[in-house]
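These notes are about the structure you will find just below.
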Amino acid sequence: MIILVMNAGSSSLKYQLYNMEEEAVLAQGRVERIGMDASILVHEPAGRPEVNEVSEILDHNTAVRRLIDMLTHKEHGVLLSMKEIDAVGHRVVHGGESFKASTLVTEDVKKEIRRLFDLAPLHNPPAMMGIAAVEYNLPSVPQAVVFDTAFHQSMPQETFLYPIPMVLYRRHKIRRYGFHGTSHDYVSKAAAETLGRPLETLKLVTCHIGNGASCAAILHGKSYDTSMGLTPLEGLMMGTRSGDLDPAIVPFTMNKEELTLNEVNSMLNKHSGLLAISGIGSDMREIVEAMEDGDKQAKLAFDMYTYRLRKYIGAYAAGMNGLDAVVFTAGVGENSAAVRKAVCENLSFFGIELDEARNAARSKEARFISTDASRVKALVVPTNEELLIARDTYRLAKQDKA
């Protein structure tokens with residue numbers, strides 16, 4: 001079965017094409033600058049040179065048409081016809097309380113995703129444009145939606161509710177939803193395989209740390225708590241997001257600096273985090289390099305970042321009454337040995353013993369970075385959210401045909 005995985009943004013569209021018999025990526029690519037006269041399509045057929053095309057792509061319908069043309073291109077394509085595409089899977093950021101699992105697209109599902117636009121105004125509308133574009137270009141092909149929030153719907157009330165008037169939850173569903181759910185789901189399963197233990201027996205903290213970052217407490221295979229909340233702003237210090245802070249800072253700052261609501265929202269989401277403290281940027285590689293060259297602000301940003309990450313890991317270990325392993329993933333988690341070292345060496349009271357050589361090694365495979373004697377294990381597990389989306393889409397499409 002051939003599955004096309006899509007992730008639509010307001011002006012971009014990423015895609016991967018899978019042959020699910022071997023779970024092999026046949027091609028991947030992206031369309032950038034949708035809505036402009038100099039849009040860019042980048043197509044990477046497996047084992048062949050990358051193809052770049054610049055043209056006018058004014059909407060998502062045209063973007064999907066162009067990527068299908070590229071997938072079926074005589075020279076650069078990997079399919080004989082678009083009829084070979086069996087199903088399309090979409091990443092959708094917010095499923096609210098309505099979607100606890102991935103599902104096939106129906107009129108009712110589309111209506112509910114639209115109703116949830118208020119919870120993810122920057123992300124859900126583009127996802128709907130992607131769904132509509134596939135309907136336009138591949139009208140008979142089943143589609144599935146996989147939600148970032150669905151994995152965290154297993155959280156109990158004591159972890160997902162905020163201590164504010166219950167009327168706000170009842171009327172507006174203000175609560176913790178969590179994000180990066182596809183990643184936390186994928187890496188928890190992969191970690192269990194690496195550990196050689198059933199996922200249902202484990203207490204894990206998974207750390208998805210990239211420019212956006214979140215931790216999740218995975219108790220016996222289910223999300224028990226997670227650091228992001230109603231929005232992706234809460235939780236860990238990130239590249240440009242503040243993470244946790246005193247909510248009174250918002251009205252105080254608005255008053256002192258005469259900021260509008262939009263301005264303070266932009267400050268906390270786009271001008272805070274590593275960028276704000278280091279004064280250098282939001283890229284952890286640049287922060288570490290500057291820190292090693294003696295930059296004090298870079299060192300402060302690094303220390304704040306790793307301290308907050310350790311604090312969450314400790315809190316989640318307490319919340320689950322135990323810990324079997326800490327799992328690092330995503331851009332920073334997979335690539336920054338310095339961050340992993342700073343976190344693990346300062347969690348030695350848990351029984352984590354970092355293996356310096358393992359931590360410094362580079363690999364695209366799941367691996368231990370703790371010693372064999374370490375009581376609590378530390379692992380690096382490369383995330384693959386697209387593969388999880390492809391697997392869910394494959395499963396749902398097979399069920400639909402049965």
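Keep in mind the model is a prediction, meaning the values are calculated, not measured.
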Basic-acidic side-chain contact under 4.0 Å: Glu32, Arg30 | yes

Yes or no on side chain to side chain contact (heavy atoms under 4.5 Å, CB included) for Ile313 and Phe350, after CA distance, side-chain angles and deciding distance?
-> CA-CA 10 Å; Ile313 294 169; Phe350 275 153; 4.2 Å; yes

Enter the distance from Leu119:CG to Thr149:OG1 here, rounded to the nearest 0.5 Å.
-> 9.0 Å

Heavy-atom closest pair (Thr72 atom, Ser81 atom, distance to 0.1 Å) is CG2-C, 3.6 Å

Please tell me if the side chains of Glu23 and Tyr394 come closer than 4.5 Å, counting only heavy atoms from C-beta onward.
-> no

More than 12 foreign heavy atoms under 6.0 Å from NZ of Lys110: is that the case here?
-> yes

Hey, mind stepping through Tyr169 and Gln157 against side-chain hydrogen bond (donor to acceptor under 3.5 Å, both in side chains) and telling me if it holds?
-> CA-CA 11 Å; Tyr169 170 63; Gln157 283 193 323; 5.0 Å; no

Between Gly235 and Tyr312, the two heavy atoms sitting closest are CA-OH, 3.4 Å

The single option from Glu385, Glu386, Arg91 passing side chain to side chain donor-acceptor pair (under 3.5 Å) against Thr182 | Glu385

Could you check whether the rings of His208 and His180 sit parallel, tilted or perpendicular, using 30° and 60° as the cut-offs?
-> parallel

Supply the atom-to-atom distance His60 NE2 to Leu67 CG, rounded to the nearest 0.5 angstrom.
-> 11.0 Å

Return the minimal non-hydrogen interatomic distance between Ser214 and Met228, and the atom names on each side.
-> CB-CG, 3.9 Å

Would you kindly check if the NZ (Lys) or CZ (Arg) of Arg175 is within the cone defined by 45 degrees around the ring axis of Tyr177 and under 6.0 Å from the six-membered ring centre?
-> yes

Passing option when Leu41 is tested against Val31, Asn52, Leu13 for side chain to side chain contact (heavy atoms under 4.5 Å, CB included) | Val31

Got a donor-acceptor contact below 3.5 angstrom from the Ser374 side chain to the Glu353 backbone?
-> yes

Evaluate side chain to side chain contact (heavy atoms under 4.5 Å, CB included) for Asp324 paired with Leu195, printing each intermediate quantity in order.
-> CA-CA 10 Å; Asp324 293 299; Leu195 290 162; 5.5 Å; no

Nearest heavy-atom approach of Gly9 to Pro126 is C-CB, 3.3 Å

Between Phe179 and His94, is the ring centre distance below 6.0 Å?
-> yes

Under 4.5 Å between any side-chain heavy atoms of Pro232 and Arg241, yes or no?
-> yes

Would you sort out whether Cys344 and Val326 count as a side chain to side chain contact (heavy atoms under 4.5 Å, CB included), showing the intermediate values?
-> CA-CA 9 Å; Cys344 291; Val326 176; 5.8 Å; no

Note, Ile2 side chain near Leu26 side chain (heavy atom, < 4.5 Å) = yes

Looking only at atom types and distance, does a side-chain atom of Arg33 sit under 3.5 Å from a main-chain N or O of Ile57, one as donor and one as acceptor?
-> no

Would Arg395 and Asp392 pass as an ion pair if we require N to O under 4.0 Å?
-> yes

Donor-acceptor pair, side chain of Lys222 and main chain of Ser154, under 3.5 angstrom = no

Using modelled atom types only, decide if a donor and an acceptor are shared between the side chain of His76 and the backbone of Val51 within a distance under 3.5 Å.
-> no

Side-chain donor/acceptor of Ser266 to backbone N/O of Asn262, under 3.5 Å | no

So, for Pro198 and Leu202, which heavy atoms are closest and what is the spacing to 0.1 Å?
-> O-CG, 3.6 Å

Side chain proximity check, Glu257 to Val264, heavy atoms < 4.5 angstrom | no

Salt bridge Glu334-Lys364, side-chain N to carboxylate O under 4.0 Å | no

Do you see a donor-acceptor pair shorter than 3.5 Å between the side chains of Gln297 and Ser278?
-> no

Any sub-3.5 Å donor-acceptor pair from Ser336's side-chain atoms to Gly333's backbone N or O?
-> no

For the atom pair CG (Leu309) and SG (Cys215), what is the distance rounded to the nearest 0.5 Å?
-> 5.0 Å

At what distance, to the nearest 0.5 angstrom, does CZ of Phe160 lie from CD of Glu158?
-> 9.0 Å

Do Phe328 and Ile369 have side chains that get closer than 4.5 Å, going by heavy atoms?
-> yes

What do the steps show when you test Tyr15 against Val64 for side chain to side chain contact (heavy atoms under 4.5 Å, CB included), and what is the final call?
-> CA-CA 10 Å; Tyr15 65 92; Val64 171; over 6 Å; no

Using 4.0 Å as the upper bound for N to carboxylate O, is an ion pair formed by Arg367 and Asp355?
-> no

Check: Val327 and Lys377 side chains under 4.5 Å, non-hydrogen atoms | no

Donor-acceptor contact present, side-chain Arg65 to main-chain Tyr136, <3.5 Å = no

Do Asp59 and Thr62 come within less than 4.5 Å of each other through their side chains, counting heavy atoms only?
-> yes

Asp86 CG to Met20 CE distance, which is reported to the nearest 0.5 Å = 11.0 Å

Is any side-chain heavy atom of Leu4 less than 4.5 Å from a side-chain heavy atom of Leu71?
-> yes

Gap between atom CG of Asn269 and atom CG of Leu233 - 0.5 Å precision | 4.5 Å

Taking Tyr316 for the side chain and Tyr224 for the main chain, is one N or O donor matched with an acceptor at less than 3.5 Å?
-> no

Got a donor-acceptor contact below 3.5 angstrom from the Thr329 side chain to the Thr383 backbone?
-> yes

Given the rule in the side-chain hydrogen bond (donor to acceptor under 3.5 Å, both in side chains) test, do Gln143 and His90 qualify, once you have shown the distances and angles that lead to the verdict?
-> CA-CA 8 Å; Gln143 299 187 70; His90 299 266; 2.4 Å; yes

Smallest heavy-atom separation, Thr159 atom then Arg176 atom, equals O-NE, 3.3 Å

